[in-house]
Amino acid sequence: MSIRITLPDGSERTMPDGVTGYDVAADIGPRLAKAAVAVTVDSAMYDLHRPIPHDATVSIITDNTEAGRHVLRHSAAHVMAQAVLELFPGSTFAIGPAIQDGFYYDFSVDAPFTPDDLERIEAKMADIVAADQPFERDELSIADALVQFEDHPFKREIIAGVDADEGVEGDTVSTYRNDAFLDLCRGPHVPSTGRLKAFQLMRSAGAYWRGDETKAQLQRIYGTAWESRKALDAYLVQLEEAAKRDHRKLGNELDLYSFPSELGSGLAVWHPKGGILRRTIEDYSRRTHMTHGYEYVVSPHVAKADLWETSGHLNFYRDGMYPVMELDGGEGKPGQEYFVKPMNCPFHILIYRARSRSYRELPLRLFELGTVYRYERSGVLHGLMRARGFTQDDSHIFTTETDLAGELQRLLDFVLMVLRDFGFDEFEADLSTRPDKYVGNVEAWKRAEEYLAASLDSADLSYQLAPGEGAFYGPKIDIHIKDAIGRRWQLSTIQVDFAQPENFGLEYATNENTRERPVMIHRALLGSVERFVGILVEHYAGAFPMWLAPVQTTVIPVADRHAEYARSVGDQLLGVGIRAHVDDADETVGEKIRRAITSKHPAVIVVGDNDVEHSTVGLRLRGEDSEQRGIPVVEAVAQLAEMARPPR
RNA sequence: GCUGGCGUAGCUCAGUUGGCCAGAGCAGCCGCCUUGUAAGCGGCAGGUCAUGGGUUCGAGUCCCAUCGCCAGCUCCA
């Protein structure tokens, strides 16, 4: 008997019965066989040494692909669990998958792991890898499996919860054994532990069983594993690179902002250089909104409880709000309750409702740089990226339902234009649809979802559907960008809202003088100005494009006698709107240049005797190895002014 | 909020098992030098060791609480 193997390139081979993925790989070539870690048989993943049961399309998974690393990492997770169970008698284990760049395993142990424990575990893992223990697959009935794992309640819960995603096929489950260690697992795994060439444990942290904070708290250990020491080292270097870009670190080094603990967590103050950066972004935002059909409005930071009652925030969002302030109360008299705003929408709605509205005014686009405060749980705070006080480039668009599709279209074009202006050009979107708990009618939801999808299609933006992830009041689009080192950040959000116009009884007069209810769109493009600055800092590693750079040009006199000329050059730069700084400190030229470069200033001008004599400057631009000398001042000023011009 | 880790001059860090251990570099200030493209030289000043309690003859070091930071979990109308 023989079976027919089809390879990904379409070629076919006839192989003897009982052939394995490894045999196929070896038949193709020894190098492939060496790099192979698993195989796909039709759509299923198989271990390398598991016989292929029937004619199939087979492709070899090698260790230097994402799928291959996934297998390596999953196997590494097993080895880690094996080490932990050996080192910590009485401990038990829960779930241990491969994840992006690594793996983790959750354990229930007497005491949380210490850094020393991680070292011991890593050493034990190295022993297991050195022993090159084969992974052996087996299938058990559910009843047998429950007995096998009788000491491991989490595993029993998984088995009892029979789920095809967790190693369960019909009424049997698969297990993998290496040496004395047995784990419930769908596989596949590498043939033996010796294949794990490069791994490292990263950290431990608490995690809840099944991700549910009401359930048992487990101890999770994160690790990473790669196909080679070289690949692991490259990954560790990349982590260091990301750490160097950390906006909290750079914000401090570049003197942009700080988080004084006296303020309380999640609250920042902006230093002059950060202030001008922010200001530049905000000016850009206001300017582009004004030229794209928006009207600028302003609203206060607090409002009476009634407003938040009507908007539904007190019902749905109270936990995210700063607690109530009671004013004018006392002596038995109840006071007036106020809340700090967590969102701007109710204010914009009141502006809409300040007088009767006609269809002729719609779409009405109200825009505000609105500062909101949210009582984020302390554990989620993260520099500017997740703060308790932040400013949204927020707008609420009131439109007829007829115009909704066109408005969404126009909006998406606007979003992409803005993000491109800041130097982002890779986008991904999520389309979140109706959740179980929702307001409004299903038909309207459906239409809104279709309009959102259509706008994404026509903007040629690829998107992922997130079923049921919409807000209770309407579906939404979230737009993510990829930064310079490939990380994905969610920035813009566009949300359709059927609920608030209802809550506030909004209306407009139609051309037949009947009353209709407008639809609202909530949208923020940069999201929060704070977070956006954080993302820009990390994207550019602090070396901002010239139009955003807090200091755009540093002017350095060679000696004291050139200071006056340097100041006149500086004044000419200031005169054309360039943020120039004359560094006439009592230091050597080399030192002052170094200072300007490490502060990431885009341009450095040095002036000495020759320049004073000929009205020229020496110009060094960021990113260029050497300077140009003897440039006429007027030329340099014109060139820098051009470079510093905002995108629009 | 939960679990773990952490908190020593503006910044980056040293400070053995509690006992002449409160230190260094950079930044700052004051001098000298007058500089042509990534760190000139010398000096000075700067910390209630996050805060508040406690243990001890003695606490930066041990314990407790609070505040803040980090990682992860959870959350992210």
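Naming: A, B, ... by sequence-line order, numbering from 1 per chain.
Ranking B/U34, B/G36, B/C69 by closeness to the A/V606 side chain, first place goes to B/G36.
Across all strands, A/V558 comes closer than 4.0 Å to base atoms (heavy-atom distances). Looking at heavy-atom distances under 4.0 Å, A/Q219 makes contact with sugar-phosphate atoms alone, never a base. Contact annotation for A/R620: base contact, defined as any heavy-atom pair under 4.0 Å involving a base atom. Nucleic acid contact for A/R386: base, since at least one base atom lies under 4.0 Å from a heavy atom of the residue. At a threshold of 4.0 angstrom between heavy atoms, the contacts of A/A559 include nucleobase atoms, whether or not backbone atoms are also involved. At a threshold of 4.0 angstrom between heavy atoms, the contacts of A/G630 with the nucleic acid are absent. Residue contacts shown for A/G379 include a base, since a base heavy atom lies under 4.0 Å away.
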**Request:** Take A/D430 and A/R488, measure what salt bridge (Lys or Arg N to Asp or Glu O under 4.0 Å) needs, and give me the verdict at the end.
**Result:** CA-CA 12 Å; A/D430 287 344; A/R488 201 175 121 111; 3.6 Å; yes
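Side-chain N/O atoms of A/R203 and base N/O atoms of B/A71 include no donor-acceptor pair closer than 3.5 Å. Taking only distance into account, the side chain of A/Y208 meets the base of B/G1 through a donor-acceptor pair shorter than 3.5 Å. Counting distance only, with no hydrogens placed and no angle test, the side-chain atoms of A/D255 and the base atoms of B/C11 include no donor-acceptor pair under 3.5 Å. Counting distance only, with no hydrogens placed and no angle test, the side-chain atoms of A/N252 and the base atoms of B/G10 include no donor-acceptor pair under 3.5 Å. Taking 3.5 Å as the limit, the base of B/C73 and the side chain of A/R377 contain no donor-acceptor pair of atoms between them. You won't find any donor-acceptor pair under 3.5 Å spanning the side chain of A/D319 and the base of B/C75, going by distance alone.
Nearest-nucleotide positions on RNA chain B for A/G312 and A/D586 put A/D586 closer to the 5' end.
A distance of 9.5 Å separates OG in A/S599 from NE2 in A/H581, rounded to the nearest 0.5 Å.
With A/F347 as the fixed residue, the ring pair (Phe, Tyr, Trp, His ring centres under 6.0 Å) test singles out one of A/F504, A/W308, A/Y352: A/W308.
Other residues, nucleotides and ligands contribute only 12 or fewer heavy atoms inside 6.0 Å of the CD atom of A/Q464.
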